[in-house]
A.B. asks: 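I have a structure I would like to understand better, so I am pasting it below and will then ask my questions one at a time.
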Amino acid sequence: MHDNEVLRAIRGRRSVIRFTDQAVTDDELAAILEAGRWAPSYINSQPWEFLVVRDAKSRGRLGEILRRITVAWQGFAAAPVSIVVMADPARDPRHLAEDGAAAAQNMCLAAHSLGLATFWAGLHCVPEAKGSAESDLKAALGIPPGMQLVAVLPVGHPAYVATTSRRPLSEIVHLETYGRLMSDRGA
Ligand SMILES: Cc1cc2nc3c(=O)[nH]c(=O)nc-3n(C[C@H](O)[C@H](O)[C@H](O)COP(=O)(O)O)c2cc1C
């Protein structure tokens, strides 16, 4: 099977929820944001907006809010920077969630390629209920109500080596017609 730097990065990236106190440099952050900008999007609509949160008090507040949706909330205060990934429905009303996800994944991979780690807290679509984590997060950071939140990505130096697993391709890949799995052909 082929292997190269990109394929290794895709396989090697892990979600990490604890970070060391080592800083993320402006250059590293710029490279990560740049990777987000080069994601594909529906008819190249580029509906992304990336909000960078470095301020310690705001990161603490992020953690408090996201505590409601993830057990990894402490990572938001611990990571030196978090990126809120949003998509503007005015630019792409149709595929904005996928556009946002593609940008977020590009940024996670870019961070990994620099020896940094990320964690993906998924945020739900509009409309948000009053008092939900999504609406509180928008209020805390001044995000317009109509903006679609996609993810919050804390970025930092990993404090441990994370592991994970995946379903095998033989369970996932169908050949020619649905239900004819690779595994049925002895793959
Ligand atoms: C859309 C999305 C939402 C996620 N939301 C959460 C979350 O709320 N809580 C959580 O613990 N992990 C969340 N994660 C991270 C997953 O738990 C993680 O990606 C998965 O366990 C696979 O591990 P890996 O990222 O290290 O490969 C989310 C990931 C994605 C893509």
Side-chain angles (χ1 to χ4, degrees), residues 1 3-20 24 32-33 35-36 38-42 47-51 53 59-79 81-89 92 94-129 131-138 140-141 143 147-173:
M1 197 188 281
D3 203 12
N4 61 36
E5 216 176 328
V6 173
L7 296 171
R8 279 191 293 278
I10 289 169
R11 285 198 311 271
R13 178 215 53 82
R14 289 284 70 79
S15 293
V16 160
I17 60 173
R18 291 193 312 278
F19 303 91
T20 70
V24 171
I32 293 166
L33 296 168
W38 280 101
S41 61
Y42 177 58
W48 316 288
E49 307 274 343
F50 307 138
L51 175 56
V53 183
R59 288 187 284 110
R61 180 79 186 115
L62 265 185
E64 275 168 35
I65 294 170
L66 295 173
R67 188 174 194 166
R68 284 180 250 163
I69 62 162
T70 175
V71 291
W73 60 277
Q74 283 162 320
F76 296 94
V81 59
S82 277
I83 302 169
V84 183
V85 182
M86 299 161 280
D88 185 352
D92 178 2
R94 189 167 177 158
H95 289 293
L96 71 172
E98 300 97 302
D99 299 338
Q105 175 68 355
N106 266 14
M107 289 195 274
C108 291
L109 287 173
H112 174 70
S113 77
L114 298 172
L116 296 161
T118 52
F119 172 77
W120 182 319
L123 289 164
H124 287 289
C125 312
V126 282
E128 302 102 13
S132 65
E134 289 80 6
S135 67
D136 285 359
L137 187 132
K138 283 184 174 178
L141 299 176
I143 298 169
M147 194 63 71
Q148 162 95 54
L149 293 171
V150 177
V152 184
L153 310 172
V155 184
H157 291 265
Y160 65 103
V161 176
T163 56
T164 188
S165 63
R166 289 293 188 270
R167 294 165 60 205
L169 281 182
S170 56
E171 269 184 24
I172 299 170
V173 179

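Indexing begins at 1, ligand by ligand and atom by atom, following the structure's order.
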A.B. asks: Please report whether atom 20 (C) of ligand 1 has a protein non-hydrogen atom at a separation of less than 4.0 Å.
C.D. replies: no

A.B. asks: Heavy atoms only: give me the nearest Leu153-Cys108 pair and the separation to one decimal.
C.D. replies: CD2-SG, 3.9 Å

A.B. asks: Decide yes or no on side chain to side chain contact (heavy atoms under 4.5 Å, CB included) for Leu137 and Arg68, but give the supporting numbers first.
C.D. replies: CA-CA 11 Å; Leu137 187 132; Arg68 284 180 250 163; over 6 Å; no

A.B. asks: State the CZ-CD1 distance between Phe50 and Ile32, to the nearest 0.5 angstrom.
C.D. replies: 11.5 Å

A.B. asks: Should you measure from each heavy atom of Gly122, which atoms of ligand 1 turn up under 4.0 Å away?
C.D. replies: 3 (C), 4 (C), 5 (N)

A.B. asks: Please could you name the atoms of ligand 1 that Thr164 approaches to less than 4.0 Å, counting only its heavy atoms?
C.D. replies: 22 (C), 23 (O), 27 (O)

A.B. asks: Measuring from atom 25 (O) of ligand 1, which candidate in Gly12, Ser15, Cys108 has the nearest non-hydrogen atom?
C.D. replies: Ser15

A.B. asks: Return yes when Arg13 approaches ligand 1 closer than 4.0 angstrom through a heavy atom, no otherwise.
C.D. replies: yes

A.B. asks: In terms of atom number and element, which parts of ligand 1 are under 4.0 angstrom from non-hydrogen atoms of Ile69?
C.D. replies: 8 (O)

A.B. asks: Look at the side chain of Lys138 and the backbone N and O of Met147, then say whether any donor-acceptor pair between them is shorter than 3.5 Å.
C.D. replies: yes

A.B. asks: At what distance is the nearest protein heavy atom to atom 10 (C) of ligand 1, and which residue and atom is it?
C.D. replies: Phe119 CZ, 3.4 Å

A.B. asks: Given 3.5 Å as the limit, does a donor-acceptor pair link the side chain of Trp48 with the main chain of Asp99, or not?
C.D. replies: yes

A.B. asks: How far is atom 9 (N) of ligand 1 from the closest protein heavy atom, and which atom is that?
C.D. replies: Thr70 OG1, 3.3 Å

A.B. asks: Which residue supplies the protein heavy atom nearest to atom 28 (C) of ligand 1, what is that atom called, and how far is it?
C.D. replies: Trp120 O, 3.2 Å

A.B. asks: Could you tell me which non-hydrogen atom of Ile17 sits nearest to which non-hydrogen atom of Tyr160, and how far apart they are?
C.D. replies: N-OH, 2.9 Å

A.B. asks: Would you verify that at least one protein heavy atom lies under 4.0 Å from atom 5 (N) of ligand 1, or report that none does?
C.D. replies: yes

A.B. asks: Please identify which atoms of ligand 1 are closer than 4.0 Å to at least one heavy atom of Arg14.
C.D. replies: 24 (P), 26 (O), 27 (O)

A.B. asks: Say you draw a straight line from CG of Leu66 to CG of Asp136; how long is it, rounded to the nearest 0.5 Å?
C.D. replies: 10.0 Å

A.B. asks: At their closest point, which heavy atom of Thr118 faces which heavy atom of Ala111, and how far apart are they?
C.D. replies: CG2-CB, 3.7 Å

A.B. asks: Among all protein heavy atoms, pick out the one at the shortest distance from atom 22 (C) of ligand 1; state its residue, atom name and that distance to 0.1 Å.
C.D. replies: Arg166 NH1, 3.7 Å

